[in-house]
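All heavy atoms count here, side chains included; hydrogens, waters and symmetry mates do not. Both ligands and their constituent atoms are indexed starting at 1 by order of listing. Nothing fancy with the numbering, it's 1 onward along the sequence. Since the model is a prediction, treat every value here as computed from it, not as a measurement.
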Amino acid sequence: MATPPASHLRQHLKAQATETADAACGPSDLPRHIAIIMDGNGRWAQQRGLPRIEGHRQGVASVRRITEHCARLGIGQLTLYCLSSENWRRPEMELQFLMHLLEQYMIEERSLLLRERISVSMIGRREGLPAATLEALDRTIELCSANDGMRLCLAVNYGARAEIVSAARELARDARDGHIDADAIDEAMLAARLDTSGMPDPDLLIRTAGEMRVSNFLLWQISYAEMWVTQSLWPDFDAAHLDAAITSFAGRDRRFGGLSQS
Ligand code: IPE
Ligand code: IPE
Ligand code: MG
């Protein structure tokens, strides 16, 4: 059987671990949850004199590559920012193409998702998405629901502020109806009403195409995520880039407001 490419990174991290006094919680740890702001599709196409949609098409190939690589590495969850609630400001033609691409991806990806035992979920607002896209998404989620491998979460028509507002509304309603005590509201109660309820927070946040901003992505959940930004455009992002991000993550000292353990 061919050695999976992921094994090189694992070996490298293992070697680091043996040099670490406390390997159990040392820098050898893989991120449990990686979240990616997949940016730069338009620029990739523009650099080649192609229409922006060609960048999105190539972007899907990167999604495929990275999903497979993460699953083989043993990453617990991969969350991909596919469409923000602010992306509706784009031209109608580009949006239509993105919806079509998502629908197609959802159908074509089924064999890989099943083979790699990946389960799928979606965060974001369903309103405004075409019925055919939702149908393909729902069917894939259902088909993969028994998979016990990596969890792939797609952020589609997602906006973190809207997500937090809707959680706040739910808490307000529950308090008004006497189900909860307003003074007892804590972080866990708010987190339980976010789209990401039940998911671990991202450990590593990757953004491609060099922008140093979070663009309304998982604002609550990334409080203590380690960030890694690359100039590479999303269609050029490959397994080696991901390994570089993970290696950087593995060397970070995550203090969570406390003091260094070493
Ligand atoms: C990211 O690429 C994909 C989506 C936001 C859907 P962009 O389309 O934002 O690419 P740039 O930033 O214009 O290069
Ligand atoms: C963020 O990228 C959204 C997605 C990757 C889906 P954008 O390209 O929309 O972000 P801005 O507009 O540069 O902040
Ligand atoms: Mg962009």
the protein heavy atom lying closest to atom 10 (O) of ligand 1 turns out to be G42 N, 2.9 Å

Quick one: nearest non-hydrogen protein atom to atom 7 (P) of ligand 1, plus distance?
-> D39 OD1, 3.5 Å

Taking non-hydrogen atoms only, is M38 closer than 4.0 angstrom to ligand 2 via side chain, backbone, both or neither?
-> backbone

SB check R89 E94 (cutoff 4.0 Å) = no

N/O/S of D39 less than 2.8 Å from the Mg ion (ligand 3)?
-> yes

Would you please determine whether H56 falls within less than 4.0 Å of ligand 1 on a heavy-atom basis?
-> yes

For ligand 2, which part of A155 has a heavy atom less than 4.0 Å away: the side chain, the backbone, both, or neither?
-> neither

Passing candidate, side-chain contact (heavy atoms from CB on, under 4.5 Å) with W220, options E163, E187, R161 = E187

So is there a nitrogen or oxygen of R213 less than 3.5 Å from a nitrogen or oxygen in ligand 2?
-> yes

Scan T133, L154, L101 and name whichever one has a side-chain contact (heavy atoms from CB on, under 4.5 Å) with M106.
-> L154

Tell me, please: is Q46 in heavy-atom contact with ligand 1, that is, under 4.0 Å?
-> no

N87 to ligand 2: N or O pair under 3.5 Å?
-> yes

Per atom 3 (C) of ligand 1, closest listed option by heavy atom (L98, L101, N41) = N41

Mind checking whether R90 has a heavy atom under 4.0 Å from ligand 2?
-> yes

Considering only NZ, NE, NH1 and NH2 on the basic side and carboxylate oxygens on the acidic side, decide whether E135 and R139 come within less than 4.0 Å.
-> no

Check R89 against ligand 2 and report side chain, backbone, both or neither, counting heavy atoms closer than 4.0 Å.
-> neither

Between the side chain of T196 and the main-chain N/O of M199, is any donor-acceptor distance below 3.5 Å?
-> no

Is ligand 2 less than 4.0 angstrom away from at least one heavy atom of R43?
-> no

Side-chain ion pair, E54 and R48, N-O less than 4.0 Å = no

Between D174 and R176, is there a side-chain N and carboxylate O pair less than 4.0 Å apart?
-> no

Say whether G40 and ligand 1 are in contact under the criterion: heavy-atom distance to a ligand atom below 4.0 Å.
-> yes

Run the numbers for me: atoms of ligand 2, each under 4.0 Å from some heavy atom of L83, listed by number.
-> 6 (C)

Would D138 and R126 pass as an ion pair if we require N to O under 4.0 Å?
-> yes

Taking only heavy atoms of C82 into account, list the atoms of ligand 1 that are under 4.0 Å away from them.
-> 6 (C)

Side-chain (Y81) to main-chain (S215) donor-acceptor, under 3.5 angstrom = yes

Fit a plane to each ring of H100 and F97, take the angle between them on a 0 to 90° scale, and name the class: parallel (under 30°), tilted (30 to 60°) or perpendicular (over 60°).
-> tilted

List the closest protein heavy-atom neighbour of atom 14 (O) of ligand 2: residue, atom name, distance to the nearest 0.1 Å.
-> S215 OG, 2.7 Å

Is any side-chain N of the basic residue among R117 and D148 closer than 4.0 Å to the acidic one's carboxylate O?
-> yes

